[in-house]
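Nothing fancy with the numbering, it's 1 onward along the sequence. Predicted model, so just to flag it, every value in this text is computed and none were measured.
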Amino acid sequence: MEVGAANFQWRLPRLRGRLRRAAFLALDMEFTGLHSTFPQNNEPSLFDSPAERYLKARQSVQRFTVTQLGLAIFSNENSNKYVVHVYNFFLFPSTLGVTDVEFTLSASSIQFLSHYGFDYNKFLKDGIPYMNEVQEKILSQHLLAGSWKVSSVLDRDVLKKAIDEVTCWIAAAEEEETMILQDLSGYQMFEVQLVLRQALQNVWTQPLGDKKVMVKKVSPQHRQLLENSPSDCCQKEFILLSARGFTNLFQTLVKAKKPLVGHNMLMDLMHLHDKFYQPLPESYEEFKRNIHNLFPVLIDTKTVTKSIWKQCPFPRVSSLLEVYAVLCSSSLNPKDPTCPVIDLASDCSRYAEKKSPHEAGYDAFLCGSVLLRSAHLLLCRSTDDAVEADPSFSHYLTVLAVYLNKVNVIRGGVSSINFSGEDVPCQHPPLLVVHVRGWPGLNERQIYQEFKALCRFDVRWLSKNQFILLSNKFNHVRRVLRDYKHHPHLRVSVYRHWRHSPRVNCLLQVSGIVALWSLLAFVLGGAPCCSF
């Protein structure tokens with residue numbers, strides 16, 4: 001089900017109710033870009049510590065924005081049956097009286113989403129507004145101070161036209177006479193009313209719906225009575241409610257404390273924090289604490305399925321859609337009566353009939369379905385006896401306990417970020433060191449390109465004419481050591497800290513110099529003479 005700014009408010013009460021009754025929630029997001037290329041060397045690397053990876057990703061999150069958020073609400077209505085309500089929310093940053101939001105578009109990301117049918121008109125024209133707590137505080141201060149700023153050039157043109165119409169009309173109008181302003185959309189309904197009320201003390205405004213606002217000429221006394229009415233739509237609370245937009249649902253999601261499921265969900269979590277909660281902190285540990293407080297139970301299906309692939313004899317696949325297809329195959333689940341039944345709600349049935357990869361709602365549905373099927377597979381393998389009829393979601397959480405709050409990291413010094421404890425370093429193959437001879441001026445990028453054709457390594461400069469290579473595959477290390485054994489310019493060997501570390505070499509050199517000078521001083525100085 002698609003939800004935009006035009007129908008979000010009246011869907012919000014039902015959405016809140018479904019969130020509270022859910023067994024768990026699955027989430028997926030689409031962005032205007034993924035990894036920023038500014039500054040240079042911002043790409044993920046196996047050398048990255050968790051804090052380094054976080055700071056790189058933080059720069060990307062600050063540059064890009066969310067175009068679509070998919071939410072799949074899984075309700076365990078009876079026995080082992082799950083009914084799923086799926087929503088596609090088109091989002092667009094709030095422009096109501098706050099500092100204009102800037103964001104970047106990645107050409108490859110835009111092209112990728114366009115290829116899969118993403119509707120950018122809905123994103124731009126019907127995107128649901130949102131703001132974080134800092135932006136809301138700024139807007140609230142502006143409302144209290146009575147200072148109002150219209151960010152959009154388009155909105156300023158609409159306002160100018162409306163003010164001109166009202167100014168011409170009011171000069172000849174009698175008290176209690178009215179006029180209608182038409183073709184106002186979104187925030188323009190608020191902004192026109194606020195600006196007119198601030199500029200003209202003898203007018204009152206009221207929205208009529210269907211992009212219309214009624215303007216009435218009133219006496220100052222009548223105006224004062226109307227301003228104190230609790231139902232006035234331009235009161236601060238109503239304006240903030242509208243400006244918060246999707247953030248209202250995010251706050252319900254946080255309060256519900258339901259298990260939140262994603263697939264490779266680190267960037268999703270960072271955008272949730274930055275766009276709807278608070279700007280991302282510089283501290284990696286603070287970010288971890290904040291996310292754990294917001295979402296105490298996280299399950300990354302990438303972390304879960306990586307482990308299952310090691311245990312189960314079936315083909316390894318990478319994409320979420322392929323994982324879903326494997327887990328749904330009849331060979332893996334041969335008529336198991338206890339396997340969870342997943343039914344799409346009637347207004348989301350198109351996902352049962354047609355694949356829609358990289359549509360946020362569809363990917364959220366796949367993600368939740370992969371979780372249930374993976375958990376059931378783990379439950380079946382965790383006991384020698386038959387699985388009891390109709391296992392509950394709490395049974396699944398029990399077998400998933402080892403994976404909870406561990407969010408997958410793509411190419412890093414850790415395989416996952418542990419939001420409820422210490423991060424565990426990866427067990428990578430040994431480092432390799434490349435010594436360059438007779439090939440002056442080589443840099444990290446050129447070394448990377450040299451080995452790229454054979455296998456993928458991450459590269460770091462070590463010292464003059466020396467580079468370190470790091471891979472996550474042992475067979476790549478063996479291949480390079482074998483194939484570069486007789487290379488005329490590159491000598492590759494296993495890195496030994498005591499031999500190759502610049503710090504150790506420097507310490508040995510300094511120690512050698514000190515020892516040499518001490519020996520010379522002893523030889524040249526001789527033994528002290530004694531006089532009688």
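Here D28 contributes atom CG and H263 contributes atom NE2; the two are 9.5 Å apart, rounded to the nearest 0.5 Å. Taken from NZ in K211 to CG in L181, the straight-line distance is 14.5 Å, to the nearest 0.5 Å. Summarising the geometry, atom CG belonging to L294 is positioned 6.5 Å from atom NE2 belonging to H273; distances are rounded to the nearest 0.5 Å. Considering CG of L321 and CG of D363, their distance stands at 8.0 Å, rounded to 0.5 Å. Atom CE of M29 sits about 11.5 Å away from atom CE of M270, to the nearest 0.5 Å. Atom-to-atom distance recorded for L159:CG and L194:CG is 9.5 Å, nearest 0.5 angstrom.
Using bins of under 30°, 30° to 60° and over 60° for the plane-to-plane angle, the ring pair F393/Y396 lands in the perpendicular bin. In this structure, F276 and F250 have tilted ring planes: the angle between them lies in the 30° to 60° band.
Using modelled atom types, one side-chain atom of E322 and one backbone atom of S319 make a donor-acceptor pair closer than 3.5 Å. Between the side chain of S140 and the backbone N or O of K137 there is no donor-acceptor pair closer than 3.5 Å. Between the N7 side chain and the G4 main chain, a donor and an acceptor come within less than 3.5 Å of each other. Proximity of a side-chain donor or acceptor of T32 to a complementary backbone N or O of T104 within less than 3.5 Å is detected. Checked by atom type and distance alone, the side chain of K306 never pairs as donor or acceptor with a backbone atom of T301 at under 3.5 Å. A side-chain donor-acceptor contact under 3.5 Å links S349 to the backbone of S346.
Not a single salt bridge (Lys or Arg N to Asp or Glu O under 4.0 Å) links D183 to another residue, sequence neighbours left out. The ring-ring contact (aromatic ring centres under 6.0 Å, His included) search around F123 returns F92, not counting sequence neighbours.
Summarising the local packing, CD of E353 is surrounded by more than 12 heavy atoms from other residues, nucleotides or ligands at distances under 6.0 Å. When the shell of 6.0 Å around CD1 of I410 is examined, it contains 12 or fewer heavy atoms from other residues, nucleotides or ligands. Residue K81 qualifies as open at atom NZ: its count of foreign heavy atoms under 6.0 Å is 12 or below.
Side-chain contact of S369 with Y324: a donor-acceptor pair under 3.5 Å is absent, judged by distance alone. For the residue pair R16/T252, the side-chain donor-acceptor check at 3.5 Å is satisfied. Under the 3.5 Å distance criterion, with hydrogens and angles disregarded, a donor-acceptor pair is assigned to the side chains of Y284 and D423. Judged purely by distance below 3.5 Å, without hydrogens or angles, the side chains of T398 and H395 never pair a donor atom with an acceptor atom. In summary, the side chains of T205 and R197 do present a donor paired with an acceptor at a separation below 3.5 Å, with no hydrogens or angles considered. A donor atom on one side chain and an acceptor atom on the other are not found under 3.5 Å apart for S108 and Q111. In this structure, a donor-acceptor pair under 3.5 Å is absent between the side chains of N418 and S416. When only modelled atom types and interatomic distance are considered, D300 and N408 share no side-chain donor-acceptor pair under 3.5 Å.
Here the side chains of V134 and P279 are in contact, with some heavy-atom distance below 4.5 Å. Counting heavy atoms from C-beta outward, D48 and L46 have side chains that stay 4.5 Å or more apart. At least one side-chain heavy atom of E30 sits under 4.5 Å from a side-chain heavy atom of L113. Proximity of E282 to R58: side-chain heavy atoms (C-beta onward) are separated by under 4.5 Å at one or more points. Put simply, the side chain of V3 does not reach to within 4.5 Å of the side chain of N88, judged on heavy atoms. You'll find the side chain of L272 reaches within 4.5 Å of the side chain of L69, heavy atoms only. Side-chain contact between L377 and I308: present, with at least one pair of heavy atoms (C-beta onward) separated by less than 4.5 Å. Side-chain atoms of L34 and S106, non-hydrogen and from C-beta on, never get closer than 4.5 Å to each other.
The two residues A23 and P259 make their nearest non-hydrogen contact at O-CD, 3.6 Å. Summarising the geometry of A256 relative to L19, their closest heavy-atom pair is CB-O, 4.3 Å, with the distance given to 0.1 Å. The two residues C348 and M1 have their closest heavy-atom pair at SG-N, 4.5 Å. When all heavy atoms of I128 and A5 are compared, the closest pair comes out as CG1-N, 3.6 Å. In terms of heavy atoms, K56 sits closest to E43 at NZ-O, 2.7 Å. V297 and L404 make their closest contact through CG1-CD2, 4.3 Å (heavy atoms, listed as atom of the first residue, atom of the second, distance).
A salt bridge links E359 with R350: the distance from a Lys NZ or Arg NE/NH1/NH2 to an Asp or Glu carboxylate oxygen falls below 4.0 Å. Comment: D157 does not engage K161 in a salt bridge, judged by the lack of any side-chain N to carboxylate O separation of less than 4.0 angstrom.
Screening F90, F112, Y362 for a ring-ring contact (aromatic ring centres under 6.0 Å, His included) with F118, the sole residue that qualifies is F90.
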Requested in this report: Output, in order, the C-alpha distance, side-chain angles, deciding distance and verdict of side-chain contact (heavy atoms from CB on, under 4.5 Å) for I73 and V84.
Outcome: CA-CA 5 Å; I73 303 174; V84 193; over 6 Å; no

**Report entry** Trace of the side-chain contact (heavy atoms from CB on, under 4.5 Å) decision for I299 with L260
**Finding:** CA-CA 6 Å; I299 310 173; L260 186 64; over 6 Å; no

Requested in this report: Assess whether side-chain contact (heavy atoms from CB on, under 4.5 Å) is satisfied between V407 and F419, documenting all intermediate values.
Outcome: CA-CA 8 Å; V407 171; F419 282 91; 3.5 Å; yes

**Report entry** Worked check of side-chain contact (heavy atoms from CB on, under 4.5 Å) between V261 and L25
**Finding:** CA-CA 6 Å; V261 182; L25 309 168; over 6 Å; no

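Each side chain to side chain donor-acceptor pair (under 3.5 Å) pair with one or both residues in residues 117-133, not counting sequence neighbours, appears once here: E2-K122, T65-Y130, E133-Q278.
Annotation: F31 is not in aromatic contact with F64 [ring centroid separation under 6.0 Å not met].
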